[in-house]
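Quick notes on the structure that follows.
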Amino acid sequence: MTDTAFDLPTRNMEIALGPSHPAMHGTVRMMVELDGETIVKTETEVGFLHRGFEKESESVHWAQVMPYCDRLNYVSPLINNFAYAMALEKLCEVEIPERAKYIRVIAAEISRICDHMTCNGAMGMEVGGFTPFLYMVEARELLYDIVEELTGQRITVNFARIGGVAHDLPPGFAGRCKEALNKAFKLFDDADALLTRNRIFIDRMNKVGRITKEQAIAYGITGPMLRATGVAYDLRKAAPYDVYDRMEFDVPVGDNGDTYDRWLVRLEEARQSRRIVEQALAQIPPGPICIEDPRFVLPPKDEVYTSIEGLMNHFKLIIEGARVPAGEVYGYTEGGNGELGFYIVSDGSGKPYKCRVRSPCFTAMQLLDPILLPGNMISDIVPIFGSVNMIGGECDR
Amino acid sequence: MGVVRVRDRVEYSLYERSFVPEILRGLAITLGHFFSNAFGNKETRNLQTVRYPEEQRVYPARYRGQHRLLQREDGSSRCVACYMCSTACPAYCIHIVAAESPDNRIEKYPAAFEIDLLRCIYCGLCVEACPEDAIRMDTGVHTPPFFTRDDAVVGRIDLLSLMGRAGTAPAYGAQNYREGKPRGA
Amino acid sequence: MLFLLVTTLLKFVFLVLLFIMPLATLLTWMERRQSALTQDRLGPWRASFFSIGGKPVRLLGLLHPIADAIKMLFKEPFTPASADKRLHAIAPLVGYVMALVVMSVIPFGPDIPTSILPFVSEETIAKYPVVPLQVVRLDAGILWMFALASLGVYGAALAGWASNNRFALLGGLRASAQAISYEVALGLTVVGILIAFGATEPSAIVNAQNQAGGLGLPLWGILVQPLGALLFFIASVAETKRTPFDVPEGESEIIGYFVEYSSMGFGMFMLGEFVEIVVLSAVFSTLFLGGWDLPWIMGNDSIWLGFTTLTPDSVGVGTFHLVHMLLGMGIWGAKIFFLCALQLQIRWTLPRFRYDQVMNLGWKMLLPLALANIFVSAAVIWWDPSLTAMTVLGLGFIGLVILVAVAGPRRRTAHADHGHGSHASHSTDSHGHPATSH
Amino acid sequence: MPSLTLDGKKVDFQPGETIIQAATRENVEIPYYCWHPRLSVAANCRMCLVEVEKAPKLMPACQTAATDGMVVHTQNEKVKDAQRAVHEFLLVNHPIDCPICDQAGECKLQDYYMEYQLAPSRVVEHKVNKPRLEELGPHVVYNAERCIVCTRCVRFMDEVAQNPQLGVFNRGDHSEIGCAPGVVLDDAYSLNTVDVCPVGALTSTIFRFKQRAWNLKRSDSVCGGCARGCNIHVDQRSGVVYRLLPRDNDAVNKSWLCDEGRLTYNRPNEGKITEALIREGQDAPTTTDGVAALNKAVELLKPLANAGKGVAATLSLHATVEEAYVFGRFVKDVLKADTIGLVGLLPGGQDDLLRVADKNPNRAGVMAVFADMGLKPVDERELMQRMKSGTVKAWLAVGHETSFGPELALAAKGLEVVVHVAYARGPIAEVARVTLPGVSWVQTDGTWVNVQQRAQRLKAGFLPEHDAKPTHAWLMDIASRLGVAYAWPSMTTIRAEIESQLPSFREAKLTQVPPTGTQLPWAVPAEAASKI
């Protein structure tokens, strides 16, 4: 803005993006102050999807929280499941069987691929590339088929249990999984090829919504957003859980921490996840898929049907819930958007005393107002917001 | 620890800057999809759409579909109204009224057993909670649409009349869902 | 006078009612169906109004536009309370009508000698020797075309303003800014064609392209002015406000200038957009693809392959001209159809520009290139007025673009780099890979 | 004082105490089935085995008297092994019945399985079959298969009810509880056997299969069956009371509750009104909006307020002390009357254990309040007399609990104005012009004074539904619309005012009644003493 005397006096325009707006996935409201097309100030409001996960958890048994977890980050529900189960296992001090760990790794990585496909697809769509979005979603659907075969549902999986997982891999799973991955990644590559080198897309993404390493670390950002700034921090490497220490994979990092880097990091991460799934499928050992601990795990069904001990055990676990030892614990996983943690407090009863979620995108959302948005144009809100990958269920809990 | 720098794979050269070649390539990709879908044969077609009521997806064996109540040999319900399912239900969607059975080996049966399918979240915890193998979700059908809220409340008779899919082993029932340990070992 | 009225009316009926409207309607179906198949979906196919032998007649979903029209007509036309009611009502008409008017100067077939027509008197034949297949023949046709086309943006601007909605206002502003900016590039890209063919009357330009050039090549505008054609195409896509230039709509950003329109108001905007596609294709084919002619097969002066046996002498004047006319119109329609399909496909391939990038592209890229094109073309034409040099240069240019697209650098995907299964030797030097191979 | 070492901790005890008593006081949990603090020791379940140093084998903690210097271990491996083994034995013949067993959820077998066994079954033999559904008496059903023959029920009947109707029959794993031929378990305290049964062998016909134990929400209250005021737990779900169980109170009912009292569980459910009723002309009452009904009641009472006579104000003897006080104030301030009608239930059966003849739980409290306030009580007969003679033209009936309901209703037929506050529909509601929905005693916060002059606190177990409100709230509403505004924002303020205004309650500390009640310093009538 020049300050000549002839400038017309203007007022900035305020527009309300959301909570109901095509680009605001997960209902977020942004009050945007515009000077022309340039953003002067934004005020982001979250909480429109608040369904009280944390409070609701306090009124049900430990095991009944599991289906609620599915609804946190609903594009990668399996990771939520495992994160919650892992926190509980930490508190119960149980070690899950090897096979269960592998199944968790396979399921979690498929989920992560789905997550990145959704996020990147949506980013593409929001800058107008509808076809790449649908290719990504189509690829994701192919993976959901696999998830459905494994868990019985596509999204509301309810798959993890304290001490393991609910089901073993179905027969012939490895082959079908690889086949689905092949098909999915063919589409994924098409979507990639449609956008990544296209100048229109690069112009929209490059140098837009930049954050520096220092800012990211200062704000507690994790996941692809942090890695896009060049910090190679991935919980699967930094503090390996399950069997990630046996997997070979690379951590993709970006340089600029801009939207384009986030796009690239997610693309690459999905491919790395594929590597992990393939390795895990090759290495998975036979064995039980759940611990046998009558304190926490429902007894096998035939014991329930035929012995009073099993039946009593079953009844007590259902009526009162598994008595998780008193104490507090923080369980963490590398979720689709970053560090997904559950901070759990137990008073020794069958219900959580407190179950708090450290949701990665909530942390990332706080960057929008001070750093990411001001100075950009209104059209940039969309890809920037898309690259933060805010998932309402997880952010608002 | 392997680290990949993603920027290294991207150049912003004259080639990208000139718009047109990448656009032509993009067109080639989308046209490829278009032609293989529009004029291709069965193998090359890759249409994901299911023409729903006419075509239906076959759900995998584990699919948690609509619930059903199992029957005893004599056709009565296996359910004994123990309330385990309604207790395990995180959505509070199962409503049971118990009654005294004239048969003193059974003692108890559900005078009413209703599932509000609008509240149900299909998590399968009721099936896991059932100590009588009386409720399963192996019908292989998804919830039908409803016109009124009352329609969504499915009663005992309807639940008993549903059949499981052939070929799907009982989800939890006869087989040990934690594989391995034979009974009494 | 009556003759003129009748023929014009007939031409109008053919052009608007039998060609543009059905084609635009068809395009609404094509847009969905083509995009669906592009995206591995099925698209609309279910609508049916009746069944034969118990099976519903669905015609691949071709009945959907009818269903849509019915739906649009019967929905509530909602006007926001604080909107400017009159402007809000007329805005959808503006763009639509302007687009239709532009079509009036487009020649859609070869001229017909009046003498072969029935029911015409001698003096009429003397007065009007030929009936041009063109609603009006204006000497400054091209200028008139651009003048009217640029009025079309009033529709978007008015809609944005009258809705009293900030999103709509942003959309309207973007639309006007974009239309005005690209108007300049659009006008300048055509100058090359005007220089080359020395005419501003559309049918004259078509006829000029209808001749055989040097080396046996046709004199199509796209060969003579390949860069001009490209720039014109880009600029005119921008004029139609479609992806990648759908900034005024910007569905995921500001929803668009028509955010407050429902029912037929919205329908008019949508249909207007498709009419604009048809018009753009018509203009493009007139200027750059030789209108209704097809080189080596048919043309005014150059039937030297194919229809050599088909002369006025061999089949009779009337039959010859009838075949000529129908063939011309068919070829014209096919070109337009192809161009429409191409535009649709482009929409489903590309992402959208940002508003400032659209402006940059228009002013900093298209405009200089168009100017350069004028000077270079003028120089070459001055050096070789027979246009042969231009044609050869043009072919070379097209070949170069295709070559770069086919053999240009490819980005190695990281996955391809690693090639799963052989990760054993994978190490940290992965960022040493050169990204491209140019 | 002698002491023993319990798990390494020095524990003092009274001479004559057993190990389990000492341990219970120290909050050291020793599992037991057959032992009951208020019954004799049988020591037949063997669940309470503990290790006593220098003893050759494990000793039952319930029977072994504590001696000075004894060293007891309750947590070591040996004890745990024994507990596991004993529990496994107890379950050998237990049927796989949890799904159809009412005890599930509050069953000691289940609890102790999770605490002390946690091992799968090793038994492959068939279980012994025994009678499954034996009706021992009108209220008790016996399932012999589930019985662990701890004999608590037998001992209860012998020692507490002193009516030995039960006994153990047969031997070994064929033993079962039963009645001798010709005897049925029809004692007035028979349902206590269901309470003492630690497993699901004895179940109550009145609660059987109605609801699952873990679904019930429990609140503390006092039994309204008679003037004894036994302490109870109220178990309800979604506003329906399913059962009343005794709550320990050494001064009143120990751990017991009579069958008659338990059967009052249905009083809060039967004919419950949660919406106001209004009656026009001779029609049956119809439900209406709470505010409309209130306005109607005010409109009816308005001409007669301040008149001093003409309005018969009656209060049920089931009202709490607080309600009685508010009612008394209402009568004095709003109606300006000096008499008050007291209605109640006629005397009934009594015995030496708990039941007393007076079936009105708060006669003592209500009488004391009105005596202190200077209001003259009038009984039902006189009321009817007055109604018939036309001395009263209007009737404000608070509470429907009276044996004279039909008669009163008949007498009130001719009255223009009958305003009724009640939680259930009775004969009075049928003749009342306006019936305002009150709440039953299990939803009321208040104080009852029992026959022993013991003030006991009722706690509101769950919130009133729809328009229902406590009586005092209705009275305050009516009063404020008739021009008298009371400033009692909470029950505590009412109680504080009672304490300061009424001499009988000056010492009572009504505001601080503990869960087991306060003995009021009034003279205790001789017949009220309990023999338990």
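Everything numeric in this text was worked out from a predicted model, so none of it was measured. Every chain is numbered from 1 and lettered A, B, ... according to where its sequence line falls, protein lines coming before strand lines.
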Quiz prompt | Nearest non-hydrogen partners of A:L169 and B:R62, listed with the distance | solution = C-NH2, 4.0 Å

Quiz item: What are the two closest non-hydrogen atoms of B:A129 and A:I318, and how far apart are they?
Solution: CB-CD1, 3.4 Å

Quiz item: Shortest non-hydrogen contact from B:V3 to A:A232?
Solution: CG2-CB, 3.8 Å

Self-check item: Residue pairs passing the ring pair (Phe, Tyr, Trp, His ring centres under 6.0 Å) test where at least one lies in residues 85-133 of chain B, sequence neighbours excluded
Solution: B:H67-B:Y122

Exercise. Compare every heavy atom of A:A193 with every heavy atom of B:I29, then report the nearest pair and how far apart it is.
Key: CD1-CB, 3.5 Å

Quiz prompt | Residue A:Y68 versus chain B: region with a heavy atom under 4.5 Å | solution = side chain

Exercise. Just give me the residue among A:L311, A:L195, A:T131, A:N206 that pairs up with chain B most often, heavy atom to heavy atom, under 4.5 Å.
Key: A:N206

Quiz item: Rounded to the nearest 0.5 Å, what separation is found between the CG atom of B:N46 and the NZ atom of A:K186?
Solution: 7.5 Å

Exercise. Taking B:R5 for its side chain and A:V253 for its backbone only, find out whether a donor-acceptor pair lies under 3.5 Å.
Key: no

Quiz item: If you count heavy-atom pairs under 4.5 Å between each of A:L150, A:V65, A:V60 and chain B, which one has the most?
Solution: A:L150

Quiz item: With a 4.5 Å limit on heavy-atom distance, are the side chains of B:D133 and A:K301 in contact?
Solution: no

Exercise. Look up atom CZ in A:R154 and atom OH in B:Y63, then write down how far apart they are to the nearest 0.5 Å.
Key: 9.0 Å

Exercise. Return the option, out of B:H33, B:Q48, B:R17, with the maximum number of heavy-atom pairs under 4.5 Å with chain A.
Key: B:H33

Self-check item: Among A:D70, A:D261, A:I319, A:V157, residue most engaged with chain B (heavy-atom pairs, under 4.5 Å)
Solution: A:D261

Quiz item: Are side-chain heavy atoms of A:M66 and B:L125 found at a separation under 4.5 Å?
Solution: no

Quiz item: B:V4 and A:Q272: which non-hydrogen atoms are nearest, and at how many Å?
Solution: CG2-NE2, 3.7 Å

Quiz item: Where along residues 68-80 of chain B does a heavy atom come under 4.5 Å of chain A, listed by residue number?
Solution: none

Exercise. Using a cut-off of under 4.5 Å on heavy-atom pairs, state which of A:P132, A:P252, A:G310, A:P97 scores highest against chain B.
Key: A:P252

Quiz item: chain B heavy atoms under 4.5 Å from A:R227: which part of the residue, side chain, backbone, both or neither?
Solution: neither

Exercise. Write down the atom of A:H314, the atom of B:E128, and the distance for their closest heavy-atom approach.
Key: CE1-O, 3.2 Å

Quiz prompt | Portion of A:L317 that has a non-hydrogen atom of chain B nearer than 4.5 angstrom | solution = neither

Quiz prompt | Contacting moiety of A:E149, where chain B heavy atoms sit under 4.5 Å | solution = both

Quiz item: Out of curiosity, A:L194 CG to B:T30 OG1, how far, rounded to the nearest 0.5 Å?
Solution: 6.5 Å

Quiz item: With respect to chain B, which residue among A:D145, A:D190, A:L142 yields the maximal number of heavy-atom pairs within a distance under 4.5 Å?
Solution: A:D190

Exercise. Measure the CD-CZ distance between B:E22 and A:F201 for me, rounded to the nearest 0.5 Å.
Key: 12.0 Å

Practice problem: Side chain from CB out, backbone as N, CA, C, O: work out which of these in B:Y83 comes under 4.5 Å of a heavy atom of chain A, or both, or neither. | Solution: neither

Practice problem: Keeping the roles fixed (side chain from A:Q64, backbone from B:T87), state whether a donor-acceptor pair exists under 3.5 Å. | Solution: yes

Quiz item: Side chain, backbone, both or neither: which part of A:A63 has a heavy atom under 4.5 Å from chain B?
Solution: backbone

Practice problem: Ignoring hydrogens and angles, tell me if any N or O in the side chain of B:R64 forms a donor-acceptor pair with the backbone of A:T151 under 3.5 Å. | Solution: yes

Quiz item: Do B:M137 and A:Q153 come close enough that some side-chain heavy atom pair is under 4.5 Å?
Solution: no

